[in-house]
Amino acid sequence: MNTTRNDVLGIDVSKKKLDLALLINGKLKAKVFDNTSAGHRALVEWLRDSKASLATLHICMEATGVYYEAIATTLHAEGFKVSVVNPACIKGFGSGENIRNKNDEIDAALIARYCAAMNPEPWVAPPLEQRQLRAWTLRVQSLKDIRQQEQNRIEAHIVAGLQDVADNVAEHIKWLDAEIRKLQDDIDDHIDRHPGLKNDAVLIASIPGLGMTTVARILGHLGDIRRFKNAKAFAAFLGVTPKQRTSGTSLKGRTMLCKTGSTSLRAALFMPSMVARRHNPILHQFAERLLANGMAKRAVISAVTHKLAHLIYGVVRTGKPFDANYLHKNLAIQEGI
């Protein structure tokens, strides 16, 4: 008879507070802490004083923007088993239980029951250099978005005859250009200072169509790509896998991208896919074959993005730079295709 206790803790994370549901032998205990450094320390002390079996305690929470990262990192550093799951998984699990009400306490209990039933994989805290790279790449993208907005305003001011305002906006654009170049240089230096990031960056950048800006975005968001079991899992995480919608003879929907991954990262791969479709020998041949078979041009770009994800996984997993001569060999990029 298996007498091992499997205590679980569900945490519903919000900006200001953490709602906890500790499930021990089927009994639920609720608690609330502030989502601050002091609240995190108090949570750890509360767990140590509780009747939970700390050696086997499994803590689960949803990936809620950036608000979960601090508490997840703290609990991971304290030696607890932590899982961070897709909120869609929790929502689907709740639908299966026919839950009609929703509040923070109910959500925490739902997460605890999901953890007990599904036993999600442990979460590994991203290293500091990856979190820094992600923050800087997001900052650069924010400045680029602001620059595009300002460029749109210049035209509007010129049409309205407000040249003095347009000149002021132009000065702001010059400052943004300089700041973007400075941050991009800092990002390149950051990658060069960390051998793991630098090695993966060189491998990924060897794929025609991918520049260092996109490479930095990929590494900042995903970290060590080797943690994925195969290329299919990696592409699914990005949300660039095909999604079918058919049933019997009545439902015959179009196949489209699943789009369950990071929207910003998927958008960052769009233009590289356009370039790779023309200049990457493998992807160019792949795209031409799809076009010859009658596939729509936009669908071809989606297929190229999917294939590009396999190439990224392949060069990192094998530790070998891109080589078009390996097209017909049994590399890791072929897994799941």
Side-chain angles (χ1 to χ4, degrees), residues 8-21 23 28 35 58-73 75-76 81-126 130-131 134 138 217-218 220-225 227-247 251 253-270 302 305-306 309-310 313 336:
V8 297
L9 174 67
I11 303 180
D12 183 65
V13 181
S14 62
K15 180 179 180 179
K16 295 184 177 181
K17 65 187 180 76
L18 305 169
D19 285 84
L20 276 59
L23 190 60
L28 202 63
N35 193 2
H58 193 171
I59 302 173
C60 186
M61 65 191 74
E62 295 177 324
T64 52
V66 298
Y67 298 122
Y68 78 91
E69 292 185 354
I71 182 60
T73 302
L75 292 171
H76 184 272
K81 180 182 179 181
V82 180
S83 292
V84 179
V85 300
N86 190 327
C89 296
I90 305 296
K91 182 179 180 180
F93 186 80
S95 298
E97 290 191 344
N98 289 326
I99 293 179
R100 295 175 294 278
N101 299 317
K102 177 178 175 58
N103 59 43
D104 295 337
E105 183 177 346
I106 292 175
D107 288 346
L110 176 63
I111 294 171
R113 294 195 299 275
Y114 172 87
C115 184
M118 305 304 295
N119 190 28
E121 293 186 359
W123 175 77
V124 178
Q130 179 195 334
R131 287 184 278 131
R134 179 179 59 186
L138 289 175
R217 289 284 298 275
I218 293 172
H221 278 76
L222 302 177
D224 188 4
I225 296 174
R227 62 192 172 93
F228 296 97
K229 295 180 181 178
N230 50 46
K232 185 177 180 180
F234 174 62
F237 186 87
L238 293 177
V240 295
T241 52
K243 177 183 178 181
Q244 295 183 341
R245 190 169 178 266
T246 61
S247 179
L251 180 59
R254 292 189 306 159
T255 299
M256 57 187 66
L257 284 184
C258 187
K259 296 185 179 181
T260 56
S262 169
T263 302
S264 63
L265 191 56
R266 192 164 52 251
L269 288 174
F270 178 76
S302 298
T305 305
H306 178 227
H310 283 252
Y313 179 84

Is any side-chain N of the basic residue among Glu121 and Arg227 closer than 4.0 Å to the acidic one's carboxylate O?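 Salt bridge: no.
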May I ask you to decide whether Glu97 forms a salt bridge with Arg113, counting only side-chain N to carboxylate O separations under 4.0 Å?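 Judged by the 4.0 Å cut-off on N to carboxylate O distance, Glu97 and Arg113 do form a salt bridge.
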Step-by-step side-chain contact (heavy atoms from CB on, under 4.5 Å) determination, Val82 to Met61: CA-CA 8 Å; Val82 180; Met61 65 191 74; 4.1 Å; yes
Check against side-chain contact (heavy atoms from CB on, under 4.5 Å), Leu75 and Ile11: CA-CA 12 Å; Leu75 292 171; Ile11 303 180; 3.9 Å; yes
[X] versus [Y]: any side-chain heavy-atom pair under 4.5 Å?
{"X": "Leu265", "Y": "Leu222", "value": "yes"}
{"X": "Trp123", "Y": "Thr73", "value": "yes"}
{"X": "Val8", "Y": "Cys60", "value": "no"}
{"X": "Lys15", "Y": "Thr64", "value": "no"}
{"X": "Glu62", "Y": "Cys89", "value": "no"}
{"X": "Asp107", "Y": "Ile90", "value": "no"}

Test side-chain contact (heavy atoms from CB on, under 4.5 Å) applied to Ile218 and Ile225, step by step: CA-CA 9 Å; Ile218 293 172; Ile225 296 174; 4.1 Å; yes
Going from [atom1] on [X] to [atom2] on [Y], what distance comes out if it is rounded to the nearest 0.5 angstrom?
{"X": "Ser264", "Y": "Leu138", "atom1": "OG", "atom2": "CG", "result": "6.5 Å"}
{"X": "Lys16", "Y": "Asn35", "atom1": "NZ", "atom2": "CG", "result": "11.5 Å"}
{"X": "Leu238", "Y": "Leu269", "atom1": "CG", "atom2": "CG", "result": "6.5 Å"}
{"X": "Lys17", "Y": "Asp12", "atom1": "NZ", "atom2": "CG", "result": "7.0 Å"}
{"X": "Met118", "Y": "His58", "atom1": "CE", "atom2": "NE2", "result": "12.0 Å"}

To check you understand the geometry: which heavy-atom pair defines the closest contact between [X] and [Y], and what is its length?
{"X": "Asn119", "Y": "Lys81", "value": "OD1-NZ, 3.5 Å"}
{"X": "Ala112", "Y": "Ala21", "value": "CB-O, 3.6 Å"}
{"X": "Leu23", "Y": "Ala116", "value": "CD2-CB, 4.4 Å"}
{"X": "Arg134", "Y": "Gly220", "value": "CB-O, 3.1 Å"}

Donor-acceptor check, side chain of Arg266 to backbone of Val240, threshold 3.5 angstrom: yes or no?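 Not at all, since once roles are kept as given, no pair shorter than 3.5 Å links the two residues.
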Looking at His221 and Arg217, would you say the former's side chain and the latter's main chain have a donor-acceptor pair under 3.5 Å?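 Confirmed, His221 side chain pairs with Arg217 backbone.
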Atom CD of Glu69: over 12 foreign heavy atoms under 6.0 Å: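 For Glu69, atom CD is crowded (more than 12 foreign heavy atoms under 6.0 Å).
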Should the heavy atoms of other residues, nucleotides or ligands under 6.0 Å from CG of Asn101 be counted, would the total exceed 12?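 No, because the 6.0 Å sphere around CG of Asn101 holds 12 heavy atoms or fewer from other groups.
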Could you walk me through whether Ile111 and Val85 pass the side-chain contact (heavy atoms from CB on, under 4.5 Å) check? CA-CA 9 Å; Ile111 294 171; Val85 300; 5.8 Å; no
Within the 6.0 Å centroid threshold, strictly below: Phe237 and Phe228: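 Centroid separation for Phe237 and Phe228: below 6.0 Å.
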Inter- and intrachain pairs under ring-ring contact (aromatic ring centres under 6.0 Å, His included), touching residues 83-109, at least two apart: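 Every pair satisfying ring-ring contact (aromatic ring centres under 6.0 Å, His included) with a residue in residues 83-109: Phe93-Tyr114.
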